[in-house]
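The block underneath contains the structure these notes are about, expressed in structure tokens.
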Amino acid sequence: MAKFEDIKSRLCDKPIVIDDWRQDDTYEGIYPKGARDKSAYFSPETVDESCLKGNYRYLFKLSRSWCPWQFWGEVIAYRLGLITGVEVPPAHIGLNNKYNPGEATYGALIEWFYDDKKDIYVEGGQFMVKLVNDFDRQKGTQHNFLTIAKLKGISGFREHWAGVFTLDCLTGNTDRHQDNWGFVVKDARQQPTEGTKLCFSPAFDNGTALGYEIDEKKIDRFIDEKKLEKYLTNPRHARHHMKWSLDKQEELNFYDFMKKFVLEFPDTKSIIGKKLSFSQPQVEEILSPLITAVSDTKYCISQKRLRFIIEFIFKRKELLKKALSI
Ligand SMILES: Nc1ncnc2c1ncn2[C@@H]1O[C@H](COP(=O)(O)OP(=O)(O)OP(=O)(O)O)[C@@H](O)[C@H]1O
Ligand SMILES: [Mg+2]
């Protein structure tokens, strides 16, 4: 884990107003609308916050309309990434008063993770369709790790997937589909091309997680032990989007998947152990300021929701440690 003071300098505990940021009109053309509305903007040349880059592209990503709190998942995943040492694109609280004129619109403000003048981004799905016959890119049913593991020779492969899977397991992310990871071919647009390097993208698109689908009124239902256990471990829901193999019958929950991963790549056990060495006070310190960051009742994150999120992160952490005997 990075030093706590370094982590804090990379955070902003208040909304970043982007009303005067220049919209990037090329974005909509490049990326068709996904599950959530989003647009890209360029930050001004000079920025006040130390966590922001000047004249740089950011994605302003909204929540689904029925759960306006969803964008917090991206902000929390970034903070958890800093604590665990998993690379996640910086995600801050964005406020846009011009998105819907006359209305405050909050969303995640996410730093672009590559330089499109120098680098080329390749989606995981582009790779999967080449390696799996009749790969269904819409449903991603054949999305599986053993196919991806054919790339194990790429530098950083073990550290990367150990990190992404650990983060997804802690947050209960069920949406790491084939287009929610990818490769950055660094300096591929530069001449000469000798310096080109293939890297994995950081863990982006982290919002289908952290119990975003649970209405606040229903949080108390998890006092029931059976319901809680089912939510945290039932493989029908509590699983990585990515299957382990092409086996159609496979039903592995997060923890059984992780067991297989560590059996296949034994040296990842210590990597995962390090990533799980954070404590509750550290998480509390870094997430608690979010409760007062937004006063707008539609978009704020309540104390109750944040408590529930933190509690579930630690419950999943214990389940993972137990499964891997860490
Ligand atoms: N920080 C980023 N830097 C560069 N490209 C990004 C970034 N975040 C997202 N993208 C690109 O935009 C696409 C859509 O973004 P994202 O996956 O976050 O949204 P989504 O609407 O939730 O998608 P989905 O359809 O998977 O639910 C991504 O697949 C990726 O190609
Ligand atoms: Mg996505």
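Numbering of ligands and ligand atoms starts at 1, following listing order. This chain uses plain numbering: 1 for the first residue, then up along the sequence.
- Distance alone, capped at 3.5 Å, is enough to place a donor-acceptor pair between the Ser43 side chain and the Asn55 backbone.
- A cation-pi geometry, defined here as NZ or CZ lying under 6.0 Å from the six-membered ring centre and within 45° of its normal, does not hold between Arg305 and Trp72.
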Item to complete: Mind running side chain to side chain contact (heavy atoms under 4.5 Å, CB included) on Ile286 and Leu82 for me, showing each step along the way?
Response: CA-CA 10 Å; Ile286 230 155; Leu82 289 172; 5.7 Å; no

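- The shortest N/O to N/O separation between Tyr114 and ligand 1 does not fall below 3.5 Å.
- Salt bridge absent: Asp115 and Arg189 never bring a charged side-chain N and a carboxylate O closer than 4.0 Å.
- Tested against Arg137, the residues Glu123, Gln126, Gln178 include a single side chain to side chain donor-acceptor pair (under 3.5 Å) partner, Glu123.
- Near Tyr121, the atoms of ligand 1 lying under 4.0 angstrom from a non-hydrogen atom of the residue are 31 (O).
- Here Lys98 pairs with Asp20 in a salt bridge; the nearest charged N to carboxylate O distance falls below 4.0 Å.
- Here atom 4 (C) of ligand 1 lies nearest to Trp112 when heavy atoms of Trp181, Trp112, Tyr58 are compared.
- Between Glu159 and Lys275 there is a salt bridge, with a side-chain nitrogen of the basic residue lying less than 4.0 Å from a carboxylate oxygen of the acidic one.
- In this structure, His177 has its ring center no closer than 6.0 Å to that of His143.
- Hydrophobic cluster membership is shared by Tyr255 and Phe314, with clusters built from Ile, Leu, Val, Met, Phe, Trp and Tyr side chains linked at under 4.5 angstrom.
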Sequence neighbours excluded and cut-off under 3.5 Å, please list the side-chain donor-acceptor pairs for residues 315-326, or say none.
residue : atom : partner : partner atom : Å
Arg316  : NH1  : Leu170  : O            : 3.2
Lys317  : NZ   : Leu276  : O            : 3.1
Lys317  : NZ   : Phe278  : O            : 2.7

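- With a 4.0 Å heavy-atom cut-off, ligand 1 is reached by the side chain of Phe204 but not by its N, CA, C or O.
- Near His177, meaning under 4.0 Å from one of its heavy atoms, ligand 1 places the atoms 24 (P), 26 (O).
- Considering both main-chain and side-chain atoms, Asp179 comes within under 3.5 Å of ligand 1 through a nitrogen or oxygen pair.
- Listed by atom number, the atoms of ligand 1 under 4.0 Å from Leu59 heavy atoms are 8 (N), 9 (C).
- Counting atoms of ligand 1 from 1 in the listed order, those under 4.0 Å from a heavy atom of Asn180 are 17 (O), 26 (O).
- Between Tyr56 and Tyr58, the two ring planes are perpendicular [angle over 60°; tilted spans 30° to 60°].
- The set of protein atoms (N, O or S) found at less than 2.8 Å from the Mg ion (ligand 2) reads Asn180 OD1, Asp205 OD2, by chain and number.
- The shortest N or O to N or O distance between Asp205 and ligand 1 is under 3.5 Å.
- With respect to the salt-bridge test (charged N to carboxylate O, under 4.0 angstrom), the residues Asp13 and Arg79 qualify.
- Within the 4.0 Å heavy-atom shell around ligand 1 one finds Lys38.
- Residue contact check for ligand 1: Glu111 places a non-hydrogen atom closer than 4.0 Å to it.
- Those atoms of ligand 1 that come under 4.0 Å of a heavy atom in Ile110, given as number and element, are 1 (N).
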